[in-house]
Amino acid sequence: MAVPTYASPLERVWHYAYLVICGLIFFFLIAPIVVIIPLSFNAEPYFTFTEKMRSFDPEGYSLRWYRSLLTFGMQNPDATGAAFWADAWANAKWVNAAKNSIIIGFFSTILATVLGTLAALGLSRPEMPFRRIIMATLISPMIVPLIITATGMFFFYSNPCELLGLFGLPTSCGRLAGTYLGVILAHATLGIPFVIITVTATLVGFDQSLNRAAASLGANPRTTFFRVTMPLILPGVISGALFAFVTSFDEVVAVLFIAGPDQQTIPRQMWNGIREQISPAILAVATLLVVFSIALLTTVELLRRRSERIRGVTPH
């Protein structure tokens, strides 16, 4: 934004100082993320810039760590063609971790989106009793330290029917810990608060008279929801779903407590890689996750602008 022509010299100095301060803060926040991108192309197994990299020697750069994401854990990494891809799909640890992250993230996002949207719709109604208490309870997984939440999930999922013993009912109904269902439920629990917050923010500008108008024209509640309410709050629902998916995709603490050996996700595989074998392949994964996050944030921003246009607000 340009400085107004009537600004005093002191105001001009503060304007440019403000820009410099904002730039320094932005650099401080983004530098640790940006620095891992060139390091992921290091030809040597180091986490530092080598002499060849600093001199921009092509021999100092390589895609070997990106290839290792496909070959690590393969039975025959020297195979070619269809045999290579079949072996990578079945045995490569990073590939299996990516498959688990996508499967768990997909189903947990659907569950979190459905439950979070329903909760937001209920909490948006003025006649809803104990709204503040219910809202605080539903978003508590977002506020309570994750280690506490994960510990509670572990003991509950180890025997989810144990609480039934308080009512004299059988207390054995199988374990959720160490299963895909348990991890999906845990990730959905952590993603629901994000859906509630985004959908609730969208409903703040929602005109309830539209629902009453639809009802006066003979539409039943189901038709009113899918034809009137849902199209208007859809940007908020999609934004909440994206945040829930990112939360699931990035979660490691709950996975460490609840997941079994078969539920290795990308964050847990990175954790294992740091503990067992430090390799720049972790930087390659981090770079791919940064690109993935940028794509999701761009989508969220586009949805926000679309929501503002629908509600007649000029996007800034």
Would you indicate whether the side-chain heavy atoms of T224 and N220 approach each other to under 4.5 Å? no

Identify the two heavy atoms, one from L232 and one from T202, that lie closest to each other, and give their separation to 0.1 Å. O-CG2, 4.0 Å

Between the main-chain N or O of A219 and the side-chain N or O of T223, is there a donor-acceptor pair closer than 3.5 Å? no

Got a sec: does the CZ of R227 have more than 12 other heavy atoms crowding it under 6.0 Å? no

Rounded to the nearest 0.5 Å, how far does OG1 of T71 lie from CG of N76? 11.0 Å

Does one side chain, of H187 or S108, offer a donor that lies under 3.5 Å from an acceptor on the other? no

Partner of F26 under side chain to side chain contact (heavy atoms under 4.5 Å, CB included), chosen from L24, I30, L29: I30

Between CG of L234 and OG1 of T117, what distance do you get to the nearest 0.5 Å? 9.5 Å

Can I148 be reached from F257 by stepping across I, L, V, M, F, W or Y side chains whose heavy atoms are under 4.5 Å apart? yes

Is there a side-chain contact between Y61 and K52, using heavy atoms and a 4.5 Å cut-off? no

Just verifying a value: how many Å separate W94 CH2 and S101 OG, rounded to the nearest 0.5 Å? 10.0 Å

Keeping K99 on the side-chain end and W89 on the backbone end, is there a donor-acceptor pair under 3.5 Å? yes

Between the CZ atom in F156 and the OG1 atom in T189, the distance rounded to the nearest 0.5 Å is 9.5 Å

Would I36 end up clustered with V291 when hydrophobic side chains under 4.5 Å apart are linked, directly or stepwise? no

Which pair of non-hydrogen atoms, one from S40 and one from T287, has the smallest distance, and what is that distance? OG-OG1, 3.3 Å

Is it true that, when you exclude R222 itself, more than 12 heavy atoms of the residues, nucleotides or ligands shown sit nearer than 6.0 Å to its CZ? no

Are the side chains of L123 and I134 in touch, meaning some heavy atoms are under 4.5 Å apart? yes

Heavy-atom closest contact (G60 atom, M53 atom, distance): O-CG, 3.4 Å

Are any side-chain N or O atoms of D87 and backbone N or O atoms of Q75, one a donor and one an acceptor, separated by less than 3.5 Å? yes

How long is the span from the CG atom in L190 to the CG atom in L185, to the nearest 0.5 Å? 11.0 Å

Side-chain heavy atoms of P280 within contact of N42, under 4.5 Å: no

Within this structure, what is the CZ-CG distance for the pair R67 and L70, rounded to the nearest 0.5 Å? 7.5 Å

With a 4.5 Å limit on heavy-atom distance, are the side chains of Q263 and V255 in contact? no

Taking the six-membered ring for Trp, are Y180 and F107 closer than 6.0 Å centroid to centroid? no

Looking at Q264, is its backbone amide N or carbonyl O close enough to the side chain of N96 to form a donor-acceptor pair, meaning the two atoms are under 3.5 Å apart? no

Does the pair F292 and F249 meet the rule for a ring-ring contact (aromatic ring centres under 6.0 Å, His included), with working shown? CA-CA 11 Å; F292 178 71; F249 209 81; 5.2 Å; yes

Smallest separation among heavy atoms of A188 and L111, with atom names: CB-CD2, 3.7 Å

Should R268 and N272 count as side-chain neighbours, where that means a heavy-atom distance under 4.5 Å? yes

Hey, quick one: are W85 and L69 part of the same hydrophobic cluster, counting side-chain heavy atoms closer than 4.5 Å, chains of contacts allowed? no

Within one Ile-Leu-Val-Met-Phe-Trp-Tyr cluster: I258 and V144, side-chain cutoff 4.5 Å: yes

Quick one: which of W65, F47, Y66 gives a side chain to side chain contact (heavy atoms under 4.5 Å, CB included) with L283? F47

Quick check: F106 with F245 (ring centres under 6.0 Å apart)? no

K93 vs Q269 side-chain heavy atoms within contact, under 4.5 Å: yes

Contact check, side chains of V253 and E251, non-hydrogen atoms, under 4.5 Å: yes

Nearest heavy-atom contact between I192 and A112 is CG1-CA, 3.7 Å

Considering all heavy atoms, the nearest V195-A244 contact: CG2-CB, 4.1 Å

Are F56 and Y46 connected into the same hydrophobic cluster when the rule is that any two of I, L, V, M, F, W, Y join if their side-chain heavy atoms are below 4.5 Å apart? no

Parallel, tilted or perpendicular, as decided by the 30° and 60° cut-offs, for the rings of F243 and F194: parallel

